[in-house]
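Down below is the structure, laid out as structure tokens.
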Amino acid sequence: MSIDTDSPATATTGADFTVEGLTVHYGGVCAVNGISLTVPAGRSVGLIGANGAGKTSALRALMGLVPRKVSAVRFGDTDLARVKARDMVRHGIGYVPEGRHVFVGLPVEKNLLLGAYARPWDAATRASLAEVYELFPVLEEMKDRLAGALSGGQQQMLAIGRALMSQPKLLLLDEPSMGLSPKLVETILAVLQRLKGQGLSMLLVEQNAKLTFEATSTCLVMEHGEVVLSGTSAELSHDARVRKIYLGL
Amino acid sequence: MKLRVAGIAVLAVLAWLLPYQLDSYLIHVANVVIIFAILAIGLGLVMGIAGQINLAQIALFGVASYATAILTTRAGFGFWTAAALAMLIVAAIGLLIGTPALRMQSHYLGIVTLGLALALTNWVTNAHIAGGAEGITGIPAPALPGIDLRNDYFFYYLELIVFGLALAFGLFVVRTPLGRKMRAMRDDSLAAGAVGVEVPQLRMTAFFLASIYGGVAGVLYAGLIRYVAPETFSIANMFLLLAMVIIGGRQSLVGCVVGAIALSVLREVLVDYPTYAQVAYGAVVVLTVVFAPTGLAGLPTRARGLLQRWGWLRRDTGTPPKLGDFRPYDTVERPAEQVILRIDDVSMHFRGLKALQEVTMEITAGEIRGIVGPNGSGKTTLFNVVSGLYRPTAGRVWLGERDMTAARPHTLARAGVARTFQNLRLFPLLTVRENLLVALDQTSVLGNWRYALWQPGVWRHDRALRRQADELLDRFGLTAFADAAPGELPYGTQRRVEIARAMARRPRLLLLDEPAAGLNGEEVRQLSEIVRSIRSTGVTVVLIEHNMGLVMSLCERVTVFAGGRVIADGTPAEVARAPQVVEAYLGDSAMSEDVPVATPTEAKR
Amino acid sequence: MFSSLRRRAAVMLLGLALPVALAACSAPGGDQGDAQKSDGPIKIALVDAQSGQLSSLGAWELKGARLAIDEWNAAGGINGRQIELGVFDDQGDPTVGTNLARKIASEGYIAMIGTAESAVTIAMAPILRDSKIPNITSGQSPGLVAVKSPFLFLNGPTSVTYDETLAKYIVDTKGLKKIAMITNNGGYGKGEHDAFTKSLAARGVTPIEDQVVTADQKDFSAALTTIRQKNPEVIFIGAEEVQSGLIVKQARDLGITVPFAGAAPQGTPVFADTAGTANVEGTIVSSPYLSNEVSEASKKFAAAYKAKFNEDAEMHGAKAYDGTQILLNALKTSNVATGQALADAIRATKYAGLLGDFAFDDTGVGIFATRIGTIQGGKLVAAG
Amino acid sequence: MQVFLQTFIGGMSLGAIYALVALGFSLVFRTMGLVNFSHGNVVMIGAYLASTFYLSTKLPFALAMVLAVGGTGLIGVIIERVLRPLENKDFDLMLIGTIGFGIVLEALAIIIWGATGNAVPNPVASAPLQLFGLRIRTYDLVVLAIAATAAVLLVFFLQSTKRGAAMQAVAMDHEAATAVGIHVGRSNALAFMLGAGLAALAGGLVGPLLYVNPTMGGALGIKGFAAAILGGFGSIPGAIVGGFAIGVLDAFTAGHFQGYSELVTFLVFTVVIMIRPTGIFGERTVNRA
């Protein structure tokens, strides 16, 4: 794997991220039923499906934010199965939560800096900040505004920027297109493609199939807590079964 | 049941015989304990049953004793006349102290009630009429024909009878419509409003009830001690009372009584070490909230759970009850085509987020309308606006001819709007039957006069409600789960309970927010059957749904949302073909061309 | 359904009828009236706050009473019987007081010493009267007299006496007429306020300023600035030790230099400590017990007190000592009478005590004079 | 006019104390979303520790204060640790839990230091300043200066340090905070420790102004809490303004309504809060709906 020194957050070290047998129960409902997936080093993988299919639950469970059962979570040689959610970032996992979840009462720049909470705030952090601003110029314009005053799209950029500030080796994104206008979705897509081009490993949970297909190389399709389809994004983008899952036709 | 009756009888006899075992001092202690127990029931009602923090209960107690003292010693009234007037005064003050509850909750309510209590203490300490810091002595003893109530033993029997009535009335309230609504409000005030509970008025009622109990206790206190002083109503005693209720178990009135007796006895035993007693009850309060939030009253349940886990007690291993079939409603003629809900240029903004932008739509009576759209497109926000949880930033909402833009949830519920919630909002501490009963009861808060004057009326009303609930349970196939806690049920069953609860009000307009989420294939089929049957009774149904198969098969019209706007509206087939819809969902308009379009009726699942 | 209801009702009725029938035979609580046995120790109760904010008063009173009783017991008791002191904690709460009044009645105590807080004593008085238990209290509120209980006696003067003496000294002796008042609305403060105002009115003097504060007020800027503007010659304080200390401290900070005047609390070390020793210089105090050096008797008492408890005696201990002595003398003269006879014996007792010469009138007050002292060099000395 | 100004100055002096107490309330609320009803009793513990170090070990006042702040901070940590299982779960139960702690702390103070309390001599000996016939105590100025410094440091801590930002982030979204690597429990413990430290500062400073006794926490706590709410709960400037507002309001009601001042103060407070529940600086920091 080549390391692109110009990129904001690509200390790719060639580690594969593997999950086996992930199961999540929510108050009697089985939200995720024993799924397994792999994100090869430097690749991006999409996890798509209609709402309620269990994608978000799967991602949150990966992070350790909800109780789960899992046979293995490995990142390269590191076993992450017993790592607490708060320590995932120290193993190079960046997380962009669903619905953005920025720190609404703090200024934009503080939000970004908190993304680098696990690192010392030094010159390297300033450099990361500059890179995020380069990626999202609008955030620099707004850097002293409270995050809560940003528009939905800006908050989404902020959430991604915040995750990048930790210089992750793997980025977990949960529905970055949620609630955004098509134009903003394009912007987000461009960002994801750029990150992909820089060789950052990504696991993208999305409802927006097109965005996912264009931002990833392989995709898994979930339905009722299980992976029902998988393949390269190119193949799946022409698969009628995907359409059926989405539109019920 | 028989066991319980026997238990109560034994306790009553024991209480009746207790004085024979007590010397003249201990009988006095017992008398004080009973007064605290009555106070604790009042605090339990307002805090545990209705969920309102009230740190002024001791002040209400003080108001009643002072009123009795002032009216007897200064105005020369007889004890019982003064007591009656004191009850009126304390009820008025109770309503006054409850007013802030209309506007605030939780810690705000805590500090405000505490502040008002301090203000009252300050008044009695100053006012000449209240005797200042030295209080008022020489309150005449209450007299009953032939009984000398100056005798602590006879006073005990008076108190015992009053206490029995107070506890019985409290339990009666808890188990009948008023108490059920209060418990529903405590569990989930939002959902309570949505099923028509007049939350603000009910909060006032809770404070009113607490003040009545404070009043009764205060009058008895004045008659027993025949002396009042500000110290008795101090904050320290308020916290002691609070500890009684928390340790006993605030959600159970019997628990409150047990807590009151336990702490009073503890205080008496440790009377020579009051500071250590204070450490003890403070520590027990902390331990209780952390380890046993349900208090002493919850211990039997917890113990049973533990024994089961350790395998000392066999679990109830009968066959688990099964969800019955839904019994369809009788079909009525479809109402005339008229607009039942009109949403007129509605926008809803939260800080930087524009959740809805100039949404306009009309829903015709008797139709099943689907609302679809990607996550975060504003669908649930629309429901929240229509059901009165949010007040829109701009625009109007019309229900038939009525402008409902600023209406509160319970007003809308009473006007015939019912809804379910995306993440299920059943009242967790009520049984399934009680969940339905809350919604079935249509009486307004003012209808509660019956509790004071005509309890058999309440009883009869409750019986009627229960019959309706049984009928509803049966219709939705829930009879087997009637007495279960909602949280113990399978998810699909909970969803059905929520629909049954929404239907309890016999609404004109039913809003279902993702009713199929988390359901399996068979359950989705049943759901679709239920919704059709509901519509066949003339109810208009609007559902938000992600299960497109269901939407396509069920809905006559579908409205598509994206980014807070309506982007398409039409029959399911039209909508599914519309390029902007395909783009919103799949993000790709190109995909819409190479797939054959199925007709809506073909869709199954 | 109905038959079971009826059965239930029948059971209930039976449950009710049985005890009622029993009650008809014998009323519950027939334990009363076990009069003092004529052998065994003589039981005397001391009720005072042993916990809570007023517990220092309670501790002092206990020491004074204990000293007196130990002296008598060492001398052989009364009629050969030892005296037993039962100590009860009222926590400064009148309700606890009413409970304790019943408790000492049911446990066969024949007399009670205490309490130091008038409100508690007033609350207890009706019960003690009903139980015919004489009570010698350390309270000084005129409200105690208003109770009109023949079983209630004061071991010191009332506020009326304190303030009459004080007004006499200030107005008549010193000729000061521009007097400002600051009192709190608590039991003690209010009693002082009323008594002092009355004594002034009797001399045709109206206070130039009359400020009332709450018992737990901490900042007195408004009241004191108003007082300062009136330029009084002396300021009367009616408040407990700590609050008086705070008032004096803040007054000095605000540039008020005139002396303060008050009753017993202003003579205590707590007052001086809170205000700062320099600030209390010149304070005029009306007290029946100015210091341990006042008389030979007080010197003897103070020495015994110091020897027994290893701390300096002060007024409350002296008051309780006097009160206990009076009670024990009455017991001796009456041959350990109880009830009405004991009360009569106390009323008849003449006793030369640390606080002065006691001779009780019908109201239960035994002493009608206080002494005036001033604080000089940090010490309370008799005024010349 | 002179009475007016002097009353105002008197109100400001206690107002500074209320502001410090309110700061502690607001800090814990802002960073944890919790109302700590034992805060007043923690103030009392702080006052006792400071006066004990100052009086019995004859340490300089400043050093005694530092020790008291440290010791009291430890108590804050203990309270947080015990109540941690309730965090982000049941707010009202946690509130009642803190009331329980308050009861215990008060009783422990009685057991350790006795019920009667003690006076603390003024550590600043210089005479009051005279200004246009008004007199200002030097110690009041010291208190004001320390309160101001504490507020400035707190604002600096929250706005310009990593820990401070993290603490606020936890209250806004504890899950997102977890995801960026913040130890939520530790952050809350630190918040509680700081809150207790502020309480100790208030208690230590109020000792020489008033008198230290086990029940002093009640009045200070209630007034400080009212101040925090009046200013806008969770807002740092709000706590300062609210503290002074309650102090001055108290001083004036004491002047005008004499014995009835407390009644008037609380009625005014209730009416203000009814009209504007979010307080003066009504930012809605944490929304629990």
Side-chain angles (χ1 to χ4, degrees), chain C residues 49-60 89 91-92 182-186 189-190 193 210-230 240-246 249-256 269-279, chain D residues 2-15 17 107 110-111 114-122 125 127-128 130 133-140 206 208-216 218-220 223 247-248 250-263 265:
Chain C
Q50 302 299 333
S51 62
Q53 279 182 289
L54 297 166
S55 59
S56 56
L57 295 188
W60 285 327
D89 179 7
Q91 301 169 33
I182 179 166
T183 54
N184 76 21
N185 61 357
K190 196 169 171 329
H193 174 272
D210 180 4
Q211 290 282 328
V212 176
V213 300
T214 61
D216 43 7
Q217 195 166 323
K218 306 289 194 281
D219 175 70
F220 309 97
S221 309
L224 291 172
T225 311
T226 313
I227 288 175
R228 187 180 68 180
Q229 286 198 323
K230 297 283 168 62
E240 287 81 357
E241 291 83 352
V242 170
Q243 195 176 36
S244 303
L246 288 175
K249 186 167 156 185
Q250 292 186 16
R252 297 291 181 242
D253 285 339
L254 284 170
I256 296 174
V270 173
F271 165 74
D273 286 349
T274 312
T277 316
N279 290 337
Chain D
Q2 207 191 20
V3 177
F4 178 86
L5 286 175
Q6 192 71 55
T7 309
F8 187 79
I9 292 169
M12 291 292 277
S13 142
L14 270 186
I17 301 290
I110 296 174
I111 292 171
T116 41
N118 51 274
V120 184
N122 194 336
Q130 296 233 36
L134 299 173
R135 295 173 69 99
I136 305 169
R137 282 175 290 187
T138 342
Y139 186 70
D140 284 355
V206 87
L209 272 177
L210 309 174
Y211 183 84
V212 181
N213 71 350
T215 53
M216 68 187 285
L220 281 173
K223 293 263 168 72
V248 171
D250 231 13
F252 279 104
T253 52
H256 286 276
F257 299 96
Q258 307 266 305
Y260 290 100
S261 60
E262 207 151 284
L263 176 84
T265 301

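Numbered from 1 within each chain, the chains take letters A, B, ... in sequence-line order.
Taking CZ of C/Arg252 as the reference point, atom CG of C/Leu224 lies at 10.5 Å (rounded to 0.5 Å). Distance check: C/Thr214 OG1 to D/Leu263 CG gives 11.5 Å after rounding to the nearest 0.5 Å. The CD1 atom of D/Ile9 lies 13.5 Å from the CG atom of D/Leu14; values are rounded to the nearest 0.5 Å. The distance from atom CZ of C/Phe271 to atom CG of C/Asn279, rounded to the nearest 0.5 Å, is 9.0 Å.
Each of C/Asp273, C/Leu246, C/Asn184 has some count of heavy-atom pairs under 4.5 Å with chain D, and the biggest count is that of C/Leu246. If you tally non-hydrogen atom pairs under 4.5 Å between each of D/Thr138, D/Ile110, D/Leu209 and chain C, the highest count goes to D/Leu209.
Contact of C/Arg228 with chain D is made through the side chain alone, with heavy-atom distances under 4.5 Å. Within the 4.5 angstrom heavy-atom criterion, no atom of D/Val206 approaches chain C. At a 4.5 Å heavy-atom cutoff, the contact between C/Gln211 and chain D is made by backbone and side-chain atoms alike. For a residue to count as touching a neighbouring chain, one of its non-hydrogen atoms must lie under 4.5 Å from one of that chain's; by this rule C/Leu254 touches chain D with backbone and side chain alike.
Side-chain contact check for C/Glu240 versus C/Val270: every heavy-atom pair is 4.5 Å or farther apart.
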